[in-house]
Amino acid sequence: MALFDLAWSRHTGGQFVLRIEDTDRHRLVEGSEEQIYDTLRWLGLDPEESPELGGVYGPYRQSERLDTYRPHVEQLLEDGHAYHCWCSSERLAGMRAEQQRTKSSGGYDRLCLGKSAQERAELPGFSETPVVRMHIPDDVSLEFEDLIRGTVKAPRPDDQVILKADGFPTYHLAVVVDDHLMNITTVVRGEEWISSTPKHVLLYQWLGWEPPKFAHMPLLRNTDKSKISKRKNPAARLMWFRERGYLPEALRNFLQLLAYPPVGEDDSEVASFEEFVAAFDWQKVNTTGPIFDVKKLDWLNGHYIRQLSGTELSARIINFAEESGALTDPTDEQVALVARATPLIQERLTLLSEALGKINFLIRSDDDIEIADDARAQLNDDAPQVLDAAMAALAELNPFTAEAIQPRLRAVLVEGLGIKPKFAFTPLRVGITGQRVSPPLFESMEILGRKSTLLRLQGLADSL
RNA sequence: GUCCCCAUCGUCUAGCGGCCUAGGACUCCGCCCUUUCAAGGCGGCAGCGCCGGUUCGAAUCCGGUUGGGGAUGCCA
């Protein structure tokens, strides 16, 4: 949502405002506000105004704006557009259960409408502290214009509560008051709000304000097609992707693709945020709720990793390793090693989190190389012979570089011993890395150096 | 239940009446390249939910139906 908000505000030269809608004190979660800031910052979607940054329309936390809402509630009450309701939650629950049972259409039954506290107190299901409800007129307009969908119909609203018993406004009142006071021109929100929009339009009317434009985005869905939830899908917490080793630019591109057709060169699906902003048009936003396909994100992530410069990628690998705790306080040698090894693994990476595992054999000490079972199983009977010949050739090779190692080993093993390359190099790979698959062999040897290379080859030869 | 939204390959989509025997991307499967694995190149499998109508002509327009989603809270 924020992505499209920002794209639109950039496209039109507007401001991107972040407001925290924390009007439900029962659902307050420690740290969730921080998580929002962290996520936006990570994705590079920085707001112009927010609770952190402040701004001329502050405060930007609804819990700090209680005094702002009160006079408007008073006005609605005075104008007869709203009324007090003393119904207890027990009574309301019972009423709904009854409606459910008789399959009659829902909505508050207006028991309190037109009654004073004293009159209402005589009836059952009375609660001391009243709430304030909207008095929805019979001729309420059920249509509105949506930037994405055009003319949209919505269900007939209930007598919605706008001020709760604890003095907090509900979302419906708060969003209207704040959007007006903060000069919001465009409301971008999820499809789930379509059915509430008539209430909001009504409030604008009653308060004598010009309503903003609305854009209702499709809802992201779980693999089972239900509305995305943190319960069912860890990916609903965007920082999960950071923890998994995804690049923010890849996730941004992916998110964009979920709700918007390709905008890149030749309609490429890989497109920068700038390209997205330049092409932005509400009418092109998709109306169907997409399902997260992580496979495509993986591909995008690999693509973005390959586009990074070597130094940039190794910096990100180090950074990720530190954040994930895989590497604490890396030494200069470790950093240098990662930098040298990065080109070997760059095009083999899907996630940043895979990097250290792929070059682990370079980091470990020579006597700490364990030969994996499936790697050992690859070895042929001629492995000892191959290892001996390779060690002899490498012992006196100068310089000890990949460019020199490759032709030398080729000459000795492939041409000299007459062994096919595939089988000639396997024992070396197993000895050097302990693995069946690895980054390029000769470059690895170069990084490792002659001493370690020979030590490891000898180690494998001894174990045969 | 009621109301609202939506409907093209497994997934993300292009398509806005003839250019569509439906195009692209991801996945998957072959082949090429190759010291393994990747990356890259080439090729392949796979889709307009269904029924009516409008029209010379429908993936595209209309109606219905089915399916999915959302709302129906002193949640947002």
Side-chain angles (χ1 to χ4, degrees), chain A residues 21-24 26-27 62 85 87-89 92-93 96 99-108 127 129-133 142 146 149 152-158 160-172 174-175 189-198 216 218-219 221 223-227 254 257-262 264 266-270 283 286-300 302-303 306 344-350 358 375 378 406 409-410 413-414 420-426 428-430 433 435-442:
Chain A
E21 317 212 303
D22 54 351
T23 55
D24 186 355
H26 302 293
R27 289 211 317 173
Q62 290 183 330
C85 172
C87 289
S88 66
S89 39
L92 294 173
R96 278 184 206 108
Q99 286 172 348
Q100 191 72 239
R101 201 178 60 76
T102 60
K103 295 191 188 329
S104 58
S105 56
Y108 175 59
S127 155
T129 44
V131 301
V132 175
R133 287 181 184 274
L142 300 179
D146 187 275
R149 295 156 203 267
V152 174
K153 286 200 293 182
R156 189 169 199 292
D158 182 13
Q160 178 66 50
V161 171
I162 52 173
L163 192 72
K164 309 181 206 183
D166 63 6
F168 275 67
T170 57
Y171 169 82
H172 305 286
V175 77
R189 50 163 48 155
E191 196 179 3
E192 72 224 86
W193 291 108
I194 287 180
S195 30
S196 296
T197 304
H216 289 97
L219 250 26
R221 295 188 287 165
T223 329
D224 67 0
K225 300 193 175 177
S226 60
K227 174 177 166 181
F254 179 67
L257 241 23
L258 283 182
Y260 204 88
D266 296 321
D267 291 332
S268 165
E269 301 195 340
V270 179
Q283 304 220 40
N286 302 142
T287 48
T288 42
I291 294 167
F292 253 75
D293 180 13
V294 187
K295 283 280 174 48
K296 191 155 198 162
L297 210 213
D298 284 345
W299 170 76
L300 267 174
H303 180 88
R306 272 168 250 134
L344 304 194
I345 56 170
Q346 181 155 19
E347 65 187 26
R348 295 171 169 76
L349 244 37
T350 298
K358 286 195 191 299
Q378 299 280 306
Q406 167 150 17
L409 287 177
R410 211 170 262 283
L413 303 177
V414 179
K420 283 208 165 74
K422 187 175 176 185
F423 301 109
F425 298 128
T426 295
L428 309 185
R429 181 184 315 285
V430 172
T433 69
Q435 302 293 321
R436 196 162 49 82
V437 304
S438 79
L441 186 55
F442 311 116

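Lettering of chains follows the sequences in order, A, B, ..., and the numbering in each one begins at 1.
To the nearest whole angstrom, the two C1' atoms, one in B:U13 and one in B:C74, are 42 Å apart. Separation of the C1' atoms belonging to B:A76 and B:C37 is 47 Å when rounded to the nearest angstrom. For the C1' atoms, the distance from B:A14 to B:C28 is 22 Å, rounded to whole Å. Going from the C1' atom of B:A58 to that of B:G18 covers 9 Å, rounded to whole Å. B:G47 and B:G52 have their C1' atoms separated by 23 Å, with the value rounded to a whole Å.
If you check B:G73, B:U27, B:A7 against the side chain of A:Arg96, the one that comes closest is B:G73. The side chain of A:Arg429 has B:U35 as its nearest neighbour among B:U35, B:C74, B:A76. Closest to the side chain of A:Pro290, out of B:C4, B:G68, B:C12, is B:C12. When each of B:A76, B:U36, B:G73 is scored by its nearest atom to the side-chain atoms of A:Ser196, the top-ranked nucleotide is B:A76. Considering only side-chain atoms of A:Ile291, the nucleotide from B:U35, B:U11, B:C6 that sits closest is B:U11. Of the candidates B:C74, B:C3, B:A76, the closest approach to any side-chain atom of A:Thr23 belongs to B:A76. Listed nucleotides B:U36, B:C5, B:U35 differ in distance to A:Pro421; the shortest reach to its side chain belongs to B:U35.
Taking 4.0 angstrom as the limit, A:Arg410 places a side-chain polar atom (N or O) nearer than this to OP1 or OP2 of B:U35.
One finds the CZ atom of A:Arg429 at 8.0 Å from the CZ atom of A:Phe442 (value rounded to the nearest 0.5 Å).
At a cut-off of 3.5 angstrom, counting only N and O atoms as typed in the model, there is a donor on one side and an acceptor on the other between the side-chain of A:Arg27 and the base of B:C75. Side-chain to base pairing of A:Gln99 with B:G1: no donor and acceptor N or O lie closer than 3.5 Å to each other.
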